[in-house]
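For reference, the structure discussed in these notes is given below.
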Amino acid sequence: VLLRTEFLNYLNHEKPIKDVATNILVTLGGSDKNNYSLKVLKAINNIDDDSLTVIVLLGSKNPHKQDILDFIDESKVNITLLQNIKDMPSKMEWADLAFSSGGTTVWELAFMGVPVIVGGTSHIEEVLIEGLNKNNLSKTITKLDEIDESNLTEIISDVIYDEKLRKKMSLDGKKFVDGLGCSRVYKTMVENRL
């Protein structure tokens, strides 16, 4: 994996795993045209735990910002909306658990040791999700549009309270994405004079 340079400051970072994942990061892509962010926030809101804190990240092209802000005003969960984040590693360091779409963010989360639930938001992500399942790197939902809110709540709740599962996901993710991908590619190019 060719990580962005800002992640390399966390090369030897150890991720503590808490008994309960209270800090939850929700990041579902730049545009999130189907507003899966709101679907996930509603599912988290259904969990009866006032210790949960959520940061939801939106890209600049997200057309649903106002809908999400309206929901945040009514939510019993402490939710903060952030848009156009420049320092993604610090948000990942904060998180005990992430809910992400199946893009490159999954590999960054793995490197940071953040346990992650991955929800497929497009057909192309199904290939990544298949690989994640094969390597037991995350809890996955192949198609977010096909899961109802109550089942989504149950999946998220199960991971929040399963310290053993989150610890395994964290350790396996860090082994799988060790942060040395760029140096390996460079070494290969030099050795083969590419």
Side-chain angles (χ1 to χ4, degrees), residues 10 13-30 32 34-59 62 64-65 67-85 87-121 125 129 132 137-141 144 147-174:
Y10 293 84
H13 173 68
E14 293 296 322
K15 181 70 177 173
I17 302 298
K18 300 190 310 196
D19 294 348
V20 176
T22 55
N23 295 340
I24 304 168
L25 183 68
V26 176
T27 174
L28 288 157
D32 187 16
N34 294 317
N35 206 5
Y36 293 125
S37 296
L38 183 58
K39 185 173 189 173
V40 171
L41 293 175
K42 286 180 177 180
I44 294 169
N45 193 57
N46 292 335
I47 300 169
D48 191 21
D49 188 335
D50 60 6
S51 71
L52 301 181
T53 301
V54 178
I55 292 177
V56 58
L57 304 180
L58 300 185
N62 191 307
H64 306 290
K65 181 178 179 180
D67 291 340
I68 292 170
L69 286 171
D70 291 344
F71 175 76
I72 289 171
D73 286 343
E74 300 170 8
S75 175
K76 60 185 177 188
V77 174
N78 179 12
I79 303 172
T80 302
L81 183 149
L82 300 175
Q83 203 164 17
N84 303 321
I85 294 303
D87 183 14
M88 191 64 134
S90 70
K91 300 301 176 268
M92 291 181 181
E93 182 182 32
W94 168 86
D96 302 320
L97 174 65
F99 197 111
S100 176
S101 56
T104 57
T105 303
V106 171
W107 306 123
E108 296 166 348
L109 288 162
F111 170 74
M112 294 293 290
V114 180
V116 60
I117 301 169
V118 179
T121 61
E125 292 178 359
I129 288 172
L132 292 169
L137 294 178
S138 65
K139 183 81 173 170
T140 59
I141 301 160
L144 266 179
I147 189 167
D148 65 40
E149 194 175 299
S150 63
N151 286 336
L152 189 56
T153 297
E154 186 177 335
I155 290 168
I156 296 168
S157 181
D158 287 348
V159 179
I160 284 173
Y161 298 108
D162 191 339
E163 178 189 7
K164 185 177 176 183
L165 173 64
R166 285 181 287 104
K167 191 170 284 187
K168 181 173 177 11
M169 290 164 62
S170 177
L171 293 172
D172 289 350
K174 287 184 73 60

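Across all non-hydrogen atoms, the minimal contact from A21 to L52 is O-CD2, 3.7 Å. Contact between V106 and S101 at its shortest, heavy atoms only, is CG2-O, 3.3 Å. Here the closest non-hydrogen pair linking A43 and T153 is O-OG1, 2.9 Å. Minimum heavy-atom separation, I85 to M88: CG2-N, 3.8 Å. Taking all atoms of both residues into account, the shortest heavy-atom contact from Y10 to F111 is O-CZ, 3.7 Å. Smallest separation of non-hydrogen atoms from L25 and A95: CB-CB, 3.8 Å.
Residue pairs meeting the salt bridge (Lys or Arg N to Asp or Glu O under 4.0 Å) criterion with at least one partner in residues 154-165, sequence neighbours excluded, are E163-K167.
The distance from the CG atom of L165 to the CD1 atom of I160 is 12.0 Å, given to the nearest 0.5 Å. The CG atom of N84 sits 10.0 Å away from atom CG of L57, with the distance rounded to the nearest 0.5 Å. Distance check, rounded to the nearest 0.5 Å: CG of L152 to CG of L144 gives 6.5 Å. Of the inter-residue distances, the one linking T121 atom OG1 with N35 atom CG reads 12.5 Å to the nearest 0.5 angstrom. Distance check: M112 CE to W94 CH2 gives 13.0 Å after rounding to the nearest 0.5 Å. Note that CG of L109 and CZ of F99 are 12.0 Å apart. Values are rounded to the nearest 0.5 Å.
Within the 3.5 Å criterion, the main-chain N or O of N23 finds a donor-acceptor partner in the side chain of D96. Using a distance-only test at 3.5 Å, with no hydrogens or angles considered, a donor-acceptor pair links the side chain of D32 to the main chain of S37. Here the side chain of R166 pairs no donor or acceptor atom with the backbone of L97 at under 3.5 angstrom. With hydrogens and angles ignored, the 3.5 Å screen pairs no side-chain donor or acceptor of N45 with any backbone N or O of S75. Side-chain N or O atoms of Q83 include one that pairs as donor or acceptor with a backbone N or O of G59 at under 3.5 Å. At distances below 3.5 Å, at least one donor-acceptor pair connects side-chain atoms of D49 with backbone N or O atoms of S51. Formation of a donor-acceptor pair under 3.5 Å by the E93 side chain with backbone atoms of P89 is not found in this model.
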| Given the rule in the side-chain hydrogen bond (donor to acceptor under 3.5 Å, both in side chains) test, do S170 and K174 qualify, once you have shown the distances and angles that lead to the verdict? | CA-CA 6 Å; S170 177; K174 287 184 73 60; over 6 Å; no
| query | Are V40 and L28 close enough, and set up right, to give a side chain to side chain contact (heavy atoms under 4.5 Å, CB included), and what steps lead you there? | reply | CA-CA 9 Å; V40 171; L28 288 157; 3.8 Å; yes
| message | Run the side chain to side chain contact (heavy atoms under 4.5 Å, CB included) test on M92 and T105 for me, step by step, so that the C-alpha distance in whole Å, both residues' side-chain angles and the decisive distance to 0.1 Å come before the verdict. | response | CA-CA 10 Å; M92 291 181 181; T105 303; 3.7 Å; yes
| request: Apply the test side chain to side chain contact (heavy atoms under 4.5 Å, CB included) to residues I68 and L58: give CA-CA distance (whole Å), side-chain angles for both, the deciding distance (0.1 Å), then the verdict. | output: CA-CA 10 Å; I68 292 170; L58 300 185; 3.8 Å; yes
| task | I would like to know whether L82 and V56 meet side chain to side chain contact (heavy atoms under 4.5 Å, CB included); could you show each step before the answer? | result | CA-CA 6 Å; L82 300 175; V56 58; over 6 Å; no
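Crowding of K65 atom NZ: a count of heavy atoms from other residues, nucleotides or ligands under 6.0 Å not exceeding 12. Counted within 6.0 Å of NZ on K139, heavy atoms from surrounding residues, nucleotides or ligands total 12 or fewer; the atom is thus considered open. By the neighbour-count criterion of 12 heavy atoms within 6.0 Å, atom CG of D50 is sparsely surrounded, having that number or fewer from other residues, nucleotides or ligands. Surrounding CG of D48 are at most 12 heavy atoms belonging to other residues, nucleotides or ligands under 6.0 Å away.
Side-chain atoms of L81 and L69, non-hydrogen and from C-beta on, do get closer than 4.5 Å to each other. The shortest side-chain heavy-atom distance between T80 and V54 does not fall under the 4.5 Å cut-off. Residues V114 and K15 meet the side-chain proximity criterion, which asks for heavy atoms closer than 4.5 Å. Counting heavy atoms from C-beta on, the side chains of I55 and V26 never come closer than 4.5 Å. Put simply, the side chain of I129 reaches to within 4.5 Å of the side chain of V118, judged on heavy atoms. I155 has its side chain within reach of I141: a pair of non-hydrogen atoms, C-beta onward, lies under 4.5 Å apart. T140 has its side chain out of reach of I117: every pair of non-hydrogen atoms, C-beta onward, lies at least 4.5 Å apart. Using a 4.5 Å heavy-atom threshold, the side chains of I147 and K39 count as touching.
Residues satisfying the ring pair (Phe, Tyr, Trp, His ring centres under 6.0 Å) test with F71, not counting sequence neighbours, are none.
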